[in-house]
Amino acid sequence: MDIQAMEDARRWLAEDGVTQIGTDEWTDGEALDRRLTANEVAHDWAGVVFTDERLDAAGQLRLAFGLLDLLDAYWVTSEIRCADQGPDGPLPAEVLWDGYRRRLEAPQVSEAVTYSLWVDWFEDRSTSATAFAEVLGHDIEQLMTGTPETLLRRARRVLECSGPVPWRTKQAAYGVATRLPALHPALFKGLLSSYHDLYGDLQPDAASAVLSGLDLPADTEHLAELRTVLAAGHSNHYRSPDAWDRALRTRSQELSTGSPCGPEEDGGEVKSCLVDGGGLVAAGGPRPRV
């Protein structure tokens with residue numbers, strides 16, 4: 001969160017009579033009894049930022065990020081994306097990606113920021129490689145040289161939502177992350193969404209090798225299921241919809257027969273005890289309305 005940018009956005013809204021009067025409660029001054037939510041303010045005003053002729057493109061973009069900090073609404077990021085891809089775009093790349101990086105490094109990150117990164121930038125193959133490089137890829141080697149906590153926070157958040165990024169784009173970053181135990185839980189989430197996301201992307205053999213390098217508790221939810229489907233050569237839940245269910249059924253049978261958890265050798269054959277669990281909500285499933 002950028003406090004200065006947020007206050008600039010507050011003043012900008014106030015110029016048109018839009019003021020905050022309570023928690024998630026705003027008024028536009030048009031009617032004394034009319035109340036707006038932050039999301040409604042975002043829908044009304046986020047796009048207007050990019051028509052303010054008093055500001056250049058960089059100033060408009062900084063103001064839009066200030067609105068994001070102030071309103072914490074996904075719609076603001078949607079308007080940023082539209083402005084970048086629209087007839088007057090692209091937006092200044094340095095300001096755009098600096099805005100994302102700074103918010104990904106904050107102690108508390110807005111869900112709107114990571115959701116936007118996932119669905120607006122990573123799922124689109126025309127922008128995923130650039131977006132991933134800008135928010136993590138270009139800095140990945142810094143993780144091995146006395147990593148500051150801010151970069152670790154950013155790396156965790158990017159890895160967790162990196163499922164849709166093409167495997168060839170993220171593989172090097174995943175490899176570096178395997179050398180940092182602090183990133184292993186986030187990397188596991190990235191692998192899991194790479195498999196379950198509708199637009200997720202991975203190469204089974206390479207992903208299995210990455211997974212084997214993670215130091216995770218043996219009872220990590222869905223760890224063994226992911227090992228099983230990757231070992232069987234499956235690359236995406238939606239291309240092999242029955243594979244995950246078969247893994248879960250296998251686990252149920254193992255529980256009923258008292259099979260021990262964790263990999264074990266049995267006559268030269270490696271067995272895996274799958275983590276107990278019900279249906280996983282796939283990352284590519286229904287999304288919230290905005």
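In this text the structure is predicted, and so the values were computed from the model without any measurement. Count residues from 1 along the sequence.
Under the 4.5 Å side-chain heavy-atom criterion for ILVMFWY residues, a single connected hydrophobic cluster contains both Ile3 and Leu70. Residues Ile140 and Met144 fall within the same hydrophobic cluster, defined by Ile, Leu, Val, Met, Phe, Trp and Tyr side chains chained together at heavy-atom separations under 4.5 Å.
Residues passing the salt bridge (charged side-chain N to carboxylate O under 4.0 Å, His left out) test with Arg153, sequence neighbours excluded: none. In this view, Asp24 and Thr37, Ala38 satisfy the side chain to side chain contact (heavy atoms under 4.5 Å, CB included) rule, not counting sequence neighbours. With sequence neighbours excluded, the residues that form a side chain to side chain donor-acceptor pair (under 3.5 Å) with Asp28 are Arg34. Scored by the side chain to side chain contact (heavy atoms under 4.5 Å, CB included) test, Arg81 finds Gln85, Asp120, Trp121, Asp124, Thr127 as partners (sequence neighbours excluded). For Ala57, the side chain to side chain contact (heavy atoms under 4.5 Å, CB included) test picks out Pro92, with sequence neighbours left out. For Thr114, the side chain to side chain donor-acceptor pair (under 3.5 Å) criterion is met by no residue, not counting sequence neighbours. For Gln142, the side chain to side chain donor-acceptor pair (under 3.5 Å) partners at least two apart in sequence or on another chain are Asp139. Among residues two or more places apart in sequence or in another chain, the side chain to side chain contact (heavy atoms under 4.5 Å, CB included) test is passed with Asp8 by Gln4, Arg11.
Here the shortest heavy-atom pairing between Ala42 and Val76 reads CB-CG2, 3.9 Å. Nearest heavy-atom pair across Ala46 and Glu79 is CB-CG, 3.7 Å. Closest heavy-atom contact between Ser116 and Tyr100: OG-OH, 2.7 Å. Taking all atoms of both residues into account, the shortest heavy-atom contact from Ala131 to Trp97 is CB-CH2, 3.5 Å. Nearest heavy-atom pair, Leu159 versus Ala177, reported as atom, atom and distance to 0.1 Å: CD1-CB, 4.0 Å. Nearest approach of Arg156 to Leu183, heavy atoms of both residues: CG-CD2, 3.5 Å.
Applying the side chain to side chain donor-acceptor pair (under 3.5 Å) test to residues at least two apart or on different chains, the pairs with a partner in residues 46-58 are Trp12-Asp52, Glu15-Arg54, Asp52-Arg54. Residue pairs meeting the ring pair (Phe, Tyr, Trp, His ring centres under 6.0 Å) criterion with at least one member in residues 134-162: none, sequence neighbours excluded. Applying the salt bridge (Lys or Arg N to Asp or Glu O under 4.0 Å) rule to pairs touching residues 64-74 yields Asp69-Arg103, sequence neighbours excluded. Among pairs with a residue in residues 164-185, none fulfils salt bridge (Lys or Arg N to Asp or Glu O under 4.0 Å), at least two apart in sequence or across chains.
With values rounded to the nearest 0.5 angstrom, Ile21 atom CD1 is found 10.0 Å from Trp26 atom CH2. Note: Glu225 CD to Tyr195 OH = 10.5 Å, rounded to the nearest 0.5 Å. Here the CG atom belonging to Leu198 is positioned 7.0 Å from the CD atom belonging to Glu123, to the nearest 0.5 angstrom. Note that CG of Leu187 and CG of Leu214 are 5.0 Å apart. Values are rounded to the nearest 0.5 Å. Once rounded to the nearest 0.5 Å, the distance linking OG1 of Thr220 with NZ of Lys189 reads 11.0 Å. Taken to the nearest 0.5 Å, the CG atom of Leu216 stands 13.0 Å off from the CD atom of Glu221.
Side-chain contact check for Asp88 versus Phe50: every heavy-atom pair is 4.5 Å or farther apart. Between Glu149 and Leu152, some side-chain heavy-atom pair lies under the 4.5 Å cut-off. The closest side-chain heavy-atom distance from Phe132 to Pro166 is not below 4.5 Å. Side-chain contact between Leu67 and Leu13: present, with at least one pair of heavy atoms (C-beta onward) separated by less than 4.5 Å. Between Val18 and Trp45 the shortest side-chain heavy-atom distance falls below 4.5 Å.
Without hydrogens or angle criteria, Arg157 side chain to Leu104 main chain gives a donor-acceptor distance under 3.5 Å. Between the side chain of Ser208 and the backbone N or O of Asp205 there is no donor-acceptor pair closer than 3.5 Å. Side-chain atoms of Ser193 come within 3.5 Å of backbone N or O of Gly190 as a donor-acceptor pair. Without hydrogens or angle criteria, His196 side chain to Asn236 main chain gives no donor-acceptor distance under 3.5 Å. No donor-acceptor distance shorter than 3.5 angstrom exists from the side chain of Asn39 to the backbone of Ala73, with no hydrogens or angles considered. Checked by atom type and distance alone, the side chain of Arg62 never pairs as donor or acceptor with a backbone atom of Ala5 at under 3.5 Å.
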Check: Passes side-chain contact (heavy atoms from CB on, under 4.5 Å), His234 versus Arg239? Steps please.
Finding: CA-CA 8 Å; His234 300 294; Arg239 298 189 194 102; over 6 Å; no
Next item on the list: Please step through side-chain contact (heavy atoms from CB on, under 4.5 Å) for the pair Val135 and Phe122, ending with a clear verdict.
Entry: CA-CA 11 Å; Val135 296; Phe122 286 172; 4.0 Å; yes
Next item on the list: Decide side-chain contact (heavy atoms from CB on, under 4.5 Å) for Leu230 and Leu202; before the verdict, give the C-alpha distance in whole Å, the side-chain angles of both, and the deciding distance to 0.1 Å.
Entry: CA-CA 10 Å; Leu230 293 179; Leu202 58 74; 3.8 Å; yes
Notebook entry, point to check: Could you go step by step and tell me if Ser194 and Tyr174 meet the side-chain contact (heavy atoms from CB on, under 4.5 Å) rule?
Noted result: CA-CA 12 Å; Ser194 295; Tyr174 276 27; 3.6 Å; yes
Margin query: One pair to check against salt bridge (charged side-chain N to carboxylate O under 4.0 Å, His left out): Arg249 and Asp245. What are the steps and the verdict?
Written below: CA-CA 6 Å; Arg249 286 196 297 271; Asp245 288 339; 5.1 Å; no
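Between Trp244 and His237, the ring center distance fails the sub-6.0 Å criterion.
Between Glu40 and Arg35, none of the side-chain N atoms (NZ, or NE/NH1/NH2) sits under 4.0 Å from a carboxylate O, so this pair counts as no salt bridge. With salt bridges taken as basic N to acidic carboxylate O contacts below 4.0 Å, one links Arg10 and Glu7.
Under 3.5 Å, the side chains of Thr77 and Tyr115 contain no donor-acceptor pair of N or O atoms.
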